Amino acid sequence: MVWIRKNWNPLLTTAISIFALAISALGWWQQHNATQVYRNNTRQVIKNSTKLAVYDIDLLIYKVSYAKTVPLSKEQLAYQTDSLNQNL
């Protein structure tokens, strides 16, 4: 007990430093996990956007190829190209 009273100041300083280091490490870990989640979500959005763009291109090709039998209106064409522009 006497040793603690004599070394109280360095002990307190060391304990606070270790506590601050632990808080910093936990903050880094949380930031790292948030970055991973953001990166994964961004990749999924890009994948979904690419799939939708491919679908729009396929649909546009289909509509244009059957334009002689099924008329393609200006509005339909504008809608398809606008959808494609939004996904690219």
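When reading the values below, keep in mind they use all heavy atoms of this one structure, side chains included, and skip hydrogens, waters and symmetry mates. A quick note: this is a predicted structure, and the numbers were derived from the prediction, not measured.
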For residues 24-32, which side-chain N or O atoms pair as donor and acceptor with protein atoms under 3.5 Å away, sequence neighbours left out?
from: Ser24; atom 1: OG; to: Ala20; atom 2: O; distance (Å): 3.1

Quiz item: More than 12 non-hydrogen atoms from neighbouring residues, nucleotides or ligands closer than 6.0 Å to CG on Asn9, yes or no?
Solution: no

Enter the distance from [X]:[atom1] to [Y]:[atom2] here, rounded to the nearest 0.5 Å.
| X | Y | atom1 | atom2 | value |
| --- | --- | --- | --- | --- |
| Ser83 | Leu60 | OG | CG | 10.0 Å |
| Leu21 | Ile18 | CG | CD1 | 8.0 Å |
| Gln80 | Ile57 | CD | CD1 | 10.5 Å |

Exercise. Decide yes or no for Thr81 and Asp56: does some side-chain heavy atom of the first lie under 4.5 Å from some side-chain heavy atom of the second?
Key: no

Quiz item: With no hydrogens and no angle check, do the side chains of Gln86 and Asp82 hold a donor and an acceptor under 3.5 Å apart?
Solution: yes

Exercise. Please assess Gln44 against Asn40 for the test side chain to side chain donor-acceptor pair (under 3.5 Å), listing each intermediate value before the final yes or no.
Key: CA-CA 6 Å; Gln44 190 61 46; Asn40 291 340; over 6 Å; no

Exercise. Applying ring-ring contact (aromatic ring centres under 6.0 Å, His included), name anything that partners Tyr62, two or more places apart in sequence or on another chain.
Key: Tyr66

